[in-house]
Amino acid sequence: MAFTRKQLGIPYALFLLIFVVLPLLVVLYYAFTNGSGQFTFENFAQFFTNGKALGTLLYSFVIALITTGLCLLIAYPTAYFLAKGRIPHGAAWLLIIVLPMWINFTLRLTAMKEILSFLEGNLAYHPFLNTIIGMTYDFLPFMVLPLYNTMEKMDHQLIDAARDLGASDAVVIRRVMIPLSMPGIVSGVTMVFLPAMTNYVVLDMMYNSTYIMGSLIGSYFSAYNWHDGSMISTVLLLLIGLLSWISKKAGADTEEGGAIL
Amino acid sequence: MEQTNIIEFKGIHKTYDNSVFGIEDFNLEIPKGAFVTLLGPSGCGKTTLLRMIGGFELPTSGEILLHGKNIGELPPNKRPINTVFQKYALFPYMNIYDNIAFGLKLKKLPKDEIDAKVKRVLDIVDLEGFEKRKVSTLSGGQQQRIAIARAIVNEPEILLLDEPLGALDYKMRREMQLELKRMHEELGITFIYVTHDQEEALTMSDLIVVMDDGLIMQVGSPEDIYKRPENAYVADFIGESNIFTGFMTGEHEVTFCDTKFPCEETNEVGTKIDAVVRPENIHLVAEGAGNFDGTILTSVFKGTFYENQVQYGKYEIEARSDQPYSTGDVVGVAIAPNAIHLMAYDMTKNHYEGVMNAEYKVEFEDATFEPDATKLFAGSSIQDGVLVGRDKKPLDVAGTKVSISFESADADLSDVPDTGIVNGYIASIIYKGDHYSYTVRSENDWDYYVNDDDLWNVGDYVSVIIPTDKITYRVVR
């Protein structure tokens with residue numbers, strides 16, 4: 001029996017409708033209504049006048065930025081050496097890096113906690129540092145994989161060509177390798193930065209008292225304040241939408257596409 | 001023409017850890033301003049040599065001299081040399097202008113000077129006004145021109161070209177060959193070109209270096225290489241050719257295909273030779289009017305000529321003709337004295353190739369040799385009659401090809417059959433002043449060159465004796 005493409009799309013469309021579109025509508029409804037169900041912009045105004053909410057937004061942004069930067073710094077050379085086969089058993093090393101992704105991440109963080117408390121004595125001494133370590137550890141594979149994919153396909157002749165034309169190693173990295181691996185950088189950053197903005201499990205487990213966006217929303221919801229919680233979600237959603245649009249544009253500017261994971 | 005050398009290879013060796021391929025003792029001088037082609041099949045080491053000049057690979061030992069100075073350790077960006085890569089290697093995220101200006105910008109030239117230079121090279125490669133185009137909108141031929149423009153805009157002393165026309169179609173390739181030759185004349189810089197295409201090499205080069213297996217087979221002008229190949233490998237690799245093995249049977253007289261031919265070139269009487277005759281120099285004439293008569297096997301139309309296979313006894317001859325023949329036609333085969341090129345055999349050495357069996361003996365069609373297997377395989381030893389490696393595990397060496405060689409001076413002749421390693425009839429004799437150089441032909445048609453003080457006669461049945469310690473064995477990789 002042959003299905004048309006439309007027919008094959010029905011299950012996914014249903015899934016999308018029930019689990020993505022409907023909840024979004026509900027969130028939007030609560031965000032722009034007050035306790036008695038009337039339409040209002042009050043929640044919106046309150047978010048931007050609430051110092052704590054804005055502070056948390058900034059804090060989340062900084063954590064996500066540092067995590068992404070660290071992941072990129074660690075993953076870029078790692079992916080390069082793995083992809084270019086400078087080390088024996090490259091595939092096995094890649095597996096070791098990817099392997100943690102298959103283990104439940106709360107489990108991994110618990111293990112990380114043990115190691116950190118052993119090293120630091122008490123986790124509460126360095127909550128910010130612990131958060132960054134935990135986040136970087138958690139998201140690193142998501143940065144390595146897309147970078148590895150683009151670098152594996154990178155034409156080594158272009159690097160030779162640049163050196164042939166007089167480029168030093170630094171110029172080769174800046175003018176050839178980074179532009180060529182841009183698709184991988186963009187998808188890696190997208191896959192690390194956006195989830196890092198809202199990931200509050202790591203903070204919780206690392207005893208970081210300061211709220212991150214995700215936990216702020218959670219705290220409103222657990223206090224049955226659906227309206228303010230929904231408003232924060234909406235703002236966050238808009239922010240994420242904006243960021244993905246920017247990264248998509250950056251990706252489109254690099255001619256040799258591909259490897260967006 | 002100026003005779004200074006711009007590049008000299010001195011005793012270059014290159015070996016790889018995990019590959020059998022390598023270059024051994026490579027020596028070559030490249031004259032300034034010449035169009036030099038390194039020609040050979042893939043894997044012969046030509047691209048490796050080119051990459052060594054470019055600085056992308058370092059020789060294991062030996063020196064590469066640029067204007068007499070060793071540049072072995074100089075990185076590519078410090079060499080006055082630019083490369084046109086096999087697959088163009090244009091930066092896909094830059095437009096044509098930025099690609100060509102890449103090297104100039106690194107040199108920090110003023111913008112108007114860069115603009116002028118880019119415009120000029122685009123003019124040279126016939127792509128005026130392409131500055132703002134994207135790489136992906138260009139055809140293969142255009143991309144190749146841009147790659148050339150990007151290299152020559154830096155005004156290098158040497159331009160390296162690594163099979164740059166390989167990806168183009170036949171017609172485009174022909175066009176670009178002439179274009180490159182024109183550019184070479186216009187720019188006056190040294191071109192070093194790598195290709196496996198003999199037609200390309202013949203069309204463009206001033207000097208061709210024919211290579212095989214990391215070794216130079218011949219260096220010469222296209223005419224030299226085509227008309228006067230030095231060995232059977234070159235004769236076979238360049239163009240179509242008939243190669244017949246024969247002997248000098250007189251001053252300016254050679255015998256091959258059981259027929260005596262007068263020839264312009266000559267060699268010592270009795271010398272074993274390979275005679276090279278190009279198919280276009282073999283004329284098919286009326287029956288009885290040529291050097292011998294043969295029978296047409298096939299006749300195929302090739303556009304400007306017919307290609308014929310002619311059978312004569314056990315020999316097959318390839319000849320071209322203007323008219324078609326039918327299979328079975330009897331024709332005269334005529335070869336003019338100036339159409340025969342003679343290549344002497346090296347009769348001072350004997351080379352054969354055998355296969356190792358399970359008893360560690362080397363089987364060759366005529367005889368079985370017994371080398372010391374532990375010397376053939378580094379680190380091996382014999383334990384309880386089994387060959388083992390360093391790790392004491394048995395080595396499976398059956399089927400390994402082994403070359404067998406010995407000097408003609410070390411071999412002796414005996415008239416008692418089976419005293420030596422092989423028996424045969426004496427096929428030719430050359431008197432060398434204090435000894436005779438014999439060619440002994442075995443039943444299986446293998447020739448053995450033996451120097452002996454005693455006088456034998458052609459046709460004598462003899463046995464060839466080789467002292468076992470004088471035989472050199474080597475594993476063929």
Side-chain angles (χ1 to χ4, degrees), chain A residues 76 80 83-92 146-147 149-189 246-260, chain B residues 17-18 47 50-51 53-57 74-95 98-109 133-138 143 146-156 158-164 167:
Chain A
Y76 200 85
Y80 178 76
K84 287 297 154 199
R86 299 283 171 84
I87 45 176
H89 315 300
L147 282 174
N149 278 336
T150 30
M151 288 194 189
E152 210 191 13
K153 278 183 253 160
M154 200 156 74
D155 185 359
H156 205 270
Q157 255 196 9
L158 290 172
I159 294 171
D160 278 352
R163 294 211 295 153
D164 185 74
L165 292 167
S168 60
D169 288 350
V171 175
V172 168
I173 291 172
R174 193 162 46 83
R175 300 279 311 272
V176 182
M177 278 176 52
I178 290 180
L180 279 178
S181 52
M182 199 41 103
I185 296 177
V186 168
S187 60
V189 166
I246 290 170
S247 63
K248 198 179 155 197
K249 249 189 90 75
D253 284 344
T254 54
E255 199 45 38
E256 283 285 272
I260 305 275
Chain B
D17 291 343
N18 49 3
T47 297
L50 197 79
R51 288 178 62 78
I53 304 175
F56 301 112
E57 263 175 68
L74 216 59
N77 49 333
K78 299 265 163 60
R79 299 185 184 206
I81 296 168
N82 286 112
T83 310
V84 177
F85 291 89
Q86 198 165 9
K87 282 177 279 158
Y88 324 140
L90 298 176
F91 304 116
Y93 45 89
M94 294 182 190
N95 66 17
D98 287 332
N99 261 287
I100 297 176
F102 190 91
L104 301 176
K105 282 181 184 166
L106 288 174
K107 284 186 200 146
K108 306 249 186 305
L109 293 186
R133 295 275 292 268
K134 281 194 166 180
V135 171
S136 54
T137 64
L138 266 56
Q143 289 191 33
I146 297 301
I148 293 166
R150 186 179 65 177
I152 62 177
V153 78
N154 300 292
E155 290 156 18
I158 304 173
L159 186 68
L160 306 177
L161 301 109
D162 184 7
E163 305 216 19

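First the proteins, then the strands, lettered A, B, ... as listed; each starts at 1.
- Closest heavy-atom contact between L158(A) and P92(B): CD1-CD, 3.9 Å.
- When each of G54(B), P75(B), A89(B) is checked for heavy-atom pairs under 4.5 Å with chain A, A89(B) comes out on top.
- If you measure heavy-atom distances from K78(B) to chain A, you find no contacts under 4.5 Å at all.
- Closest of all the heavy-atom pairs between V176(A) and Y93(B) is CA-OH, 3.0 Å.
- For L160(B), no part sits under 4.5 Å from any heavy atom of chain A, backbone or side chain.
- When every heavy atom of F102(B) is checked against every heavy atom of A167(A), the shortest pair comes out as CE2-CB, 4.1 Å.
- Checked against side chain to side chain contact (heavy atoms under 4.5 Å, CB included), L109(B) has the following partners two or more places apart in sequence or in another chain: L104(B), K107(B), E113(B), I114(B), K117(B).
- Listed by first and then second residue, the side-chain hydrogen bond (donor to acceptor under 3.5 Å, both in side chains) pairs involving residues 159-169 of chain A are D160(A)-R51(B), D164(A)-N82(B), D164(A)-T83(B) (not counting sequence neighbours).
- Environment of NZ in K105(B): crowded, with over 12 heavy atoms of neighbouring residues, nucleotides or ligands closer than 6.0 Å.
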Q: Could you please spell out the steps behind the side-chain contact (heavy atoms from CB on, under 4.5 Å) verdict for D155(A) and F85(B)?
A: CA-CA 12 Å; D155(A) 185 359; F85(B) 291 89; over 6 Å; no

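- The shortest heavy-atom contact between V171(A) and L106(B) is CG1-CD2, 3.6 Å.
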